[in-house]
Each structure stands twice: as C-alpha cells, then as structure tokens.
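Presented below is the structure to which this report refers.
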Protein chains: 2
Amino acid sequence: MSHQPLIDYFNKFIPLTEEEQSIVEEVFNERKIKRRQFILNEGDVSFVNTFVVEGCFRMYTVDDKGKEHNLQFAVENWWIGDIGSFHSEEPSKLYIEALENSIVLQIKKEDQLRLFVEYPKFNQIFRVFTENALVSSQRRTLQNISSTAEERYLDFMKRYPHFFNRISNVQIASYIGVTPEFLSKIRKEITSK
Amino acid sequence: MSHQPLIDYFNKFIPLTEEEQSIVEEVFNERKIKRRQFILNEGDVSFVNTFVVEGCFRMYTVDDKGKEHNLQFAVENWWIGDIGSFHSEEPSKLYIEALENSIVLQIKKEDQLRLFVEYPKFNQIFRVFTENALVSSQRRTLQNISSTAEERYLDFMKRYPHFFNRISNVQIASYIGVTPEFLSKIRKEITSK
DNA sequence: AAATAATCTTAATGTAGATTAAGATTTCTG
DNA sequence: CAGAAATCTTAATCTACATTAAGATTATTT
C-alpha cells in the first residue's frame, strides 16, 4: 500500500494506466531505514534510485580534511541518489544517510532502464523532474558565487519551510557552505533585527 | 546542411530514422549570431532552446550591485538556455551573450513539446543529457562549498581544455566566483610552483 | 596607424567567513 | 534517571578572497 505516494507522484506528471501502476508496484521495493543508517557509501556503485515515502535523508561528500559537505536533502516525495554513479556504474564519492527513521521505495538500475524502454512515458516523467532538479541546482550555484551566507540561509528557510525545522543547524550550515559557528552568528544577527 | 552536427549529436544517444532527421531539419532554425549579441535578456521569457553549432556563449546574471556572475558557457555541440523560464514561461533572470561570432540551431518551445509527444525518443535523449547536466551542476555546487578558488580554477582548466583558451580570464573568474584580480594572483602562484 | 577599450597584472587595505576554544543547552541512550 | 553525546552559542584570532587603485599589455575600432 505504500506505493500509493509514488503512483500519486507520477500521476501528477502524466496519469498512469492500471498496467503501468501495477508495474510500478512490481519494480519498486519498499525498505525501512533507521535514523543514521546509510543507503549509499563512498566507494560503492549506486545501483538503485530511491524515492522517499516517509522520513528525511541527506547526501554528502567528505573532503580531504574530513569535513562533510551536504549536497542535498530529501524528504517525502523527493528522489535521492547519485545519478552519476547510477548511470556510469563508477564508484560514488557520496554518502546518503537517514536523518530520521524512514520508508523508501527503491528501483534497481536494470528495472529502471527496462521501464524506460517498455513504458516510454517514464522517460518524460523523469526528464521533467530532472529538469526541475537542474533548475534548482543552477540557482544554488549562482547563490554560492554571488550571495552572502546570510542570504543563502534566509533563502533556504523561505524555500523549504515544510522541512526546515526537521533539519539541525549543523546540517543546514553544511548545506549552505558555512561553519556551524558562523551560522549561529548569522542567526543571532537576524533575530536582533 | 548545418543541421548535421545536431543530427550527429542526437545519433550518439539513439540513432534517428530518416523521418526523425527530417523533422529535426524542419523544426530547428539556423541563426547567425554576432559577437556580443544577446540571444536572451533578463526580463524576457525564453521561448527557445538553443544548440551551438559554431562559436561560444555565456549565460549569466547581474546581481543587485551590478556585478555579473557566469552560470554557464556553451561551445560547439552544447545546449544553452534558461530551462526554468522555457518551461514556466516566467521572465528570465539570465542573459545569454555570444563571446564569438556563432551559428546556432534554435527550436521553439511549442515545437519541442510537439517533438516529445510525436517522437518519444526525444524524451529519452533530452532526459539523458539533462541528467548529465545535473551531475555537472551538482559537482560544481560541491566545489563551490568545499574547494578553494585555486582548486576550482585548476579543475576548470583540466575539465575543459578544448575551449579554455577561447575564454578570457575575466569570464573565467566570473564563472569560478572570484574577482579578476584574485584570479591573476592565483595564476601567478601556479606558474611559480 | 593612432586612439580607444578591454584585459591582465600588481599591491595595499578591508572583510566575510574559518578556525580554535570552550561553555551552555538539548537530545539521546542504556 | 544519569551520563554521554550532540547541538548550539559565544568570542578572539586568523585567512581566503574582495575592494580599491593604478600601471602595463593586448585587442579592437576608427
């Protein structure tokens, strides 16, 4: 029954037939993930793509000094995965960790490619949401080279109010690219205005 | 005859039939663009998608202090356009300017959408290269929050040797997110190592 | 060819954010 | 519930990069 959020998600792009819906139920596997559990580790190839039904994840790298840098968060109805590694089958440089107890639906690469071939509608669905992801990513790129940390923090709060409170300030700092100490300072300045 | 580079480009993803090739020739329009000419201005809606046959472009924003920030370059066989504005039909915040005299093939939004409906193969092609663009964009995002300017400059040189010399240092500085002065300093340090 | 504009370089001074250090508070675990 | 761990806050000092200024060099325009 937990495939319904994913089917609803796809239906928002293009309505699925009954047959397509049952294929989705067949090829997407449900998993329960505990808080702090990893679904991807650096060095592994990412053979699955993941849709979040319940819970929250972060995807991050660790630099040569051991510092973590958050690339993405994902909550309900979001996708998360290293698409570079998924398609190239090269070892990923990313980790994906659950920030909360979560439920996900995962599809194996071979099943996803089969889906694209047998049901071309999914090519369109995935194209559209990949384009949306690219627009977001480009906006973030521009912010990182043109905005102050405070502007980035305020934009994050404004853009993601529905999950902003579920993420610790340490993780948010790592996402906007500053230290937790500096984020604390920014927050103090904001509340004194 | 200048549709051939685009047809070759598509063929690298999936071979096109003769019919698909002639459709491409029909819906993509060739334009000659002079150096410094704009093909998109802030405030306009981007109703076209652009494939570069010859030449070089940059896509950039201007911040509230008047400073330019380069989001993307595009040379032969690359796409350039504001996909956010293209799909949402909202006014773009971006400019696209030719850095050299150029030749492009452009498709109108309505033609592109028709292409997706009538020839679903193009959904797959566009999905794949959009995924590639997203992977690049995410890598750049991580660099911007974790690497020094020098590392970013060296990575840019290494990653794009085929067009690195066609772009001025001022534009490269604006792309990696530093001032031209600082880039000059970095380059001096690199040559003294 | 001369004039103009753009680019590149150099260096002193300033600043947003990092690092280091540590205490206070909150959350998690057994 | 007590102890441990994680998070959050605070502040002094440091640093990567920005700003300001200007000269040298190269490219473009007339």
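Note: hydrogens, waters and symmetry copies are ignored here, and every other heavy atom, side chains too, is used. Lettering follows sequence order; numbering is per chain, from 1.
- Applying the 6.0 Å contact sphere to CD of B:E189 captures more than 12 heavy atoms from other residues, nucleotides or ligands.
- With hydrogens and angles left out, the side-chain atoms of B:E30 and B:S2 include a donor and acceptor closer than 3.5 Å.
- Going from atom CG of B:L99 over to atom P of D:dT28 covers 12 Å, rounded to whole Å.
- In this structure, the helix from C:dA1-D:dT30 to C:dG30-D:dC1 shows an angle of 60° between the axis at its start and the axis at its end, each fitted on 5 base pairs and rounded to 10°.
- Between B:F129 and B:F126, the gap from one ring centroid to the other is short of 6.0 Å.
- Contacts between residues 60-74 of chain B and DNA chain D, defined by a heavy-atom separation under 4.0 Å, are made by B:K67.
- Atom CG in B:N144 sits roughly 11 Å away from atom P in D:dC17 (whole-Å rounding).
- Checked by atom type, the side-chain pair A:Q171/A:Y60 shows no donor-acceptor distance below 3.5 Å.
- The side chain to side chain donor-acceptor pair (under 3.5 Å) test applied to B:Y9 returns B:W79, not counting sequence neighbours.
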For nucleotides 4-7 of chain D, print each protein N/O atom paired with a nucleotide N/O atom at under 3.5 Å, atom names and distance only.
none

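- By the 30° and 60° cut-offs, the orientation of the rings of A:H162 relative to A:Y160 is perpendicular.
- Within residues 175-188 of chain B, the residues having any heavy atom closer than 4.0 Å to DNA chain D are, in order of number, B:G177, B:V178, B:T179, B:E181, B:F182.
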Below 3.5 Å is the cut-off: list the nitrogen or oxygen pairs between protein and nucleotides 12-14 of chain D, distance only.
none

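- Note on A:R35 versus A:E97: no salt bridge recorded, every NZ/NE/NH1/NH2 to OD/OE distance being 4.0 Å or above.
- Residue pairs meeting the salt bridge (Lys or Arg N to Asp or Glu O under 4.0 Å) criterion with at least one partner in residues 38-49 of chain A, sequence neighbours excluded, do not occur; the list is empty.
- Partners of A:T50 under the side chain to side chain donor-acceptor pair (under 3.5 Å) rule, at least two apart in sequence or in another chain, are A:Q106.
- The side chain to side chain donor-acceptor pair (under 3.5 Å) test applied to A:D8 returns A:Q4, not counting sequence neighbours.
- In this entry the distance linking CD of A:E189 with P of C:dT15 reads 15 Å, nearest Å.
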>> Using the rule given for side-chain hydrogen bond (donor to acceptor under 3.5 Å, both in side chains), can you reason through B:Q72 versus B:R58, listing the C-alpha separation, both sets of side-chain angles and the distance that settles it, and then say yes or no?
In response: CA-CA 6 Å; B:Q72 186 198 337; B:R58 69 168 175 142; over 6 Å; no
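- Taking the centre and axis of the six-membered ring of A:F182, the NZ or CZ atom of A:R187 falls outside the cone set by 45° and 6.0 Å.
- Taking the side chain to side chain donor-acceptor pair (under 3.5 Å) definition, one finds that B:S92 meets it with B:D82, sequence neighbours left out.
- Judged as a salt bridge (Lys or Arg N to Asp or Glu O under 4.0 Å), the pairs with a partner in residues 111-127 of chain B (not counting sequence neighbours) are, in order, B:E20-B:K121, B:D111-B:R114, B:R114-B:E118, B:R127-B:E131.
- Rounded to a whole Å, the CD atom of A:E150 is 17 Å from the P atom of C:dT15.
- Grouped with B:V45 in one hydrophobic cluster are B:F47, the linkage being side-chain heavy-atom contacts under 4.5 Å among Ile, Leu, Val, Met, Phe, Trp and Tyr residues.
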